[in-house]
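Comments concern the structure below.
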Number of protein chains: 2
Amino acid sequence: MSAHRSQGADEPACTEELPSAARCGPVSHTISRVGRLHRIAAGKFLKAAGIYPGQEAVMMYLWDSGPVRQSELIKVMDLDPSTVTKMLQRLEQTGHVRRSPDPADRRAVLVEATGASCSLLTEVSAAWADLEEHTLAGLDAHERAELARLLGKVEANLCKETLGCPAEARRGEV
Amino acid sequence: MSAHRSQGADEPACTEELPSAARCGPVSHTISRVGRLHRIAAGKFLKAAGIYPGQEAVMMYLWDSGPVRQSELIKVMDLDPSTVTKMLQRLEQTGHVRRSPDPADRRAVLVEATGASCSLLTEVSAAWADLEEHTLAGLDAHERAELARLLGKVEANLCKETLGCPAEARRGEV
DNA sequence: GCGCATTGATTGGCCGACCAAGGTAAAATC
DNA sequence: GATTTTACCTTGGTCGGCCAATCAATGCGC
């Protein structure tokens, strides 16, 4: 609930006390807030590990998969190529990732987690688990499953859309 | 490193293994994705109106409330002061917002939506409603209510950080 | 072999969002 | 009244994320 305006005693609200955003799209409004708060929380949890939110997903994939092409990373993460490029440049600079040209394709780049980064695996996994628990505190197993199910449907909705969704267009094949 | 998958060049599309991120925190993973996809979708819906995601919330509040102190905006939106400053600078530059010094407090700034911006009200509201419907397509009334309820609990969890934040507790001090 | 479309990756620009610091004005304290 | 504290905003930096444009290498058609 939004308890921020509890102090507004004599606010001459011209219409309602609820913001228009919450009136027009209550769930959208909440999703925005939750997304942002979740990212902030992730940042706090990951700070100890020395990486930024967004990077952990890349690292986790790299730890799982071993050396992989950057294009594969882009496809799997469903991110913009430029986003991945910049993120990898920073991860390389901080020593978490190594990049090398693909001998089989001179325009491609192979990416892999460095040995040093493997020490983060435990930390990051723990942080991710803590974040999960912090996020879902107070929800029983059934509620968690239901939330996961509903979010899954929402994700599917947001992914594919008739309005020229780039994600859809990008992953149109296969 | 955990299980290094054999890097087959011809990976069959059927075996889409779950990344570690999804294993360690499935809901967190989905929230991240949904948050990002939702923001992208919002950007698409708002592009016609000529504003960027994040700005619509500010504008909606300004349309509702009339002239308001910047500090009030910061408090209500729960954003970083610097974020609001920069956003307002851009909104001012695009003519959607007017800022003036508060005569009653020379360090404060009064913000209000310009008359020109009011033409956006309809567009933005419609876009926001479309976004809501697009997000929730295929969910019946009960599911929508349940999703809103669960997201509300999650939001509350994410808000009260620092109390149960194990990351800092693990560090020991601070 | 040669031209052209496709793929892979990078650069630059922009926006939202954070933090850290700083500067000024009001309020609280003495 | 003078001093400290607090509030309000700005600047500069960083990061994730997008788009548009670009360059290099591959592959296909001819």
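Reminder, nothing fancy here: chain letters follow the sequence lines and each chain counts from 1. None of these values were measured; they are calculated from a predicted model. Values below: all heavy atoms of this structure, side chains included; hydrogens, waters and symmetry mates excluded.
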> Is there a residue in residues 34-42 of chain A whose heavy atoms reach under 4.0 Å of DNA chain D, and which residues are they?
Replying inline: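 The answer is A:Arg39.
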Find the distance [X]:[atom1] to [N]:[atom2] and express it as a whole number of Å.
X	N	atom1	atom2	value
B:Leu73	D:dA7	CG	C1'	16 Å
B:Glu72	D:dC9	CD	C1'	15 Å
A:Ile51	D:dT14	CD1	C1'	16 Å
B:Lys75	D:dC9	NZ	P	11 Å

Between N or O atoms, less than 3.5 Å apart, protein on one side and nucleotides 23-26 of chain D on the other: list the pairs.
{"from": "D:dA25", "atom 1": "N3", "to": "A:Arg107", "atom 2": "NH1", "distance (Å)": "3.4"}
{"from": "D:dT26", "atom 1": "OP1", "to": "A:Arg106", "atom 2": "N", "distance (Å)": "3.4"}

> What bend angle does the helix from C:dG1-D:dC30 to C:dC30-D:dG1 show across its length, from five-pair end axes and to the nearest 10 degrees?
Replying inline: 0°
> For residues 114-142 of chain B, which residue pairs qualify under salt bridge (Lys or Arg N to Asp or Glu O under 4.0 Å), counting only residues two or more places apart or in two chains?
Replying inline: B:Glu133-B:Arg144
> Taking 4.0 angstrom as the limit, do B:Asp78 and A:Arg33 come out as a salt bridge?
Replying inline: yes
> So which one's nearest nucleotide on DNA chain C is more toward 5', B:Gln55 or A:Lys47?
Replying inline: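 Going by which nucleotide is closer to the 5' end, it is B:Gln55.
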> For DNA chain C, what residues of residues 88-98 of chain B have any heavy atom nearer than 4.0 Å?
Replying inline: B:Arg90
> Residues two or more places apart in sequence or in another chain: which of them pass salt bridge (Lys or Arg N to Asp or Glu O under 4.0 Å) with B:Arg98?
Replying inline: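 B:Arg98 satisfies salt bridge (Lys or Arg N to Asp or Glu O under 4.0 Å) with B:Glu112 once adjacent residues are dropped.
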>> Suppose we screen for salt bridge (Lys or Arg N to Asp or Glu O under 4.0 Å). Which residues come up paired with B:Asp80, at least two apart in sequence or across chains?
In response: none
>> Assuming nearest nucleotide by heavy-atom distance, tell me which of A:Tyr52 and B:Leu110 is located more 5' along DNA chain D.
In response: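 It is B:Leu110 whose nearest nucleotide is closer to the 5' end.
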> Relative to the 5' end of DNA chain D, which residue comes earlier, A:Pro53 or B:Arg99, by the nucleotide with the nearest heavy atom?
Replying inline: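 Here B:Arg99 is the residue nearer the 5' end.
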Heavy-atom side-chain contact between [X] and [Y] under 4.5 Å:
X	Y	value
B:Leu121	B:Met60	no
B:Leu37	A:Asn157	no
B:Leu46	B:Tyr52	no
A:Val97	A:Leu62	yes

> How far apart are the closest heavy atoms of A:Val34 and B:Leu158, and which atoms are they?
Replying inline: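 Heavy atoms only, the tightest pair is O-CD1, 3.8 Å.
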>> Looking at every heavy atom in both B:Leu110 and B:Pro103, which two are closest together, and how far apart are they?
In response: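 Reported closest heavy-atom pair: CD1-CD, 4.4 Å.
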> Where the side chain of B:Lys86 is defined as all heavy atoms beyond and including C-beta, which of D:dC19, D:dG12, D:dC9 is the nearest nucleotide?
Replying inline: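 Taking heavy atoms from C-beta onward, the closest nucleotide is D:dG12.
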> Where the side chain of B:Ser82 is concerned, which of D:dG17, D:dC8, D:dG12 is the nearest nucleotide?
Replying inline: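 Of the options given, the side chain of B:Ser82 lies nearest D:dG12.
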Residues forming a side-chain hydrogen bond (donor to acceptor under 3.5 Å, both in side chains) with [X], sequence neighbours excluded:
X	value
B:Thr94	B:His96
B:Ser117	B:Trp63
A:Gln55	none

Identify each donor-acceptor pair in which a side-chain atom of residues 85-92 of chain B lies under 3.5 Å from a protein atom, sequence neighbours left out, and give them as a table.
{"from": "B:Thr85", "atom 1": "OG1", "to": "B:Gln70", "atom 2": "NE2", "distance (Å)": "3.2"}
{"from": "B:Thr85", "atom 1": "OG1", "to": "B:Pro81", "atom 2": "O", "distance (Å)": "3.1"}
{"from": "B:Glu92", "atom 1": "OE1", "to": "B:Arg99", "atom 2": "NH1", "distance (Å)": "3.1"}

> Which two nucleotides bound the region of DNA chain C that has atoms under 4.0 Å from heavy atoms of chain B, read 5' to 3'?
Replying inline: C:dC15 to C:dA26
>> Does A:Ser71 reach a base, just sugar-phosphate, or nothing at all? Heavy atoms under 4.0 Å.
In response: sugar-phosphate
>> For A:Trp128 and A:His38, take the angle between the two ring planes, folded into 0 to 90°, and tell me which bin it lands in: parallel under 30, tilted 30 to 60, perpendicular over 60.
In response: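 Ring orientation of A:Trp128 relative to A:His38: perpendicular.
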>> Keeping A:Thr83 on the side-chain end and A:Leu79 on the backbone end, is there a donor-acceptor pair under 3.5 Å?
In response: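 No, because the side chain of A:Thr83 does not come within donor-acceptor range (under 3.5 Å) of the backbone of A:Leu79.
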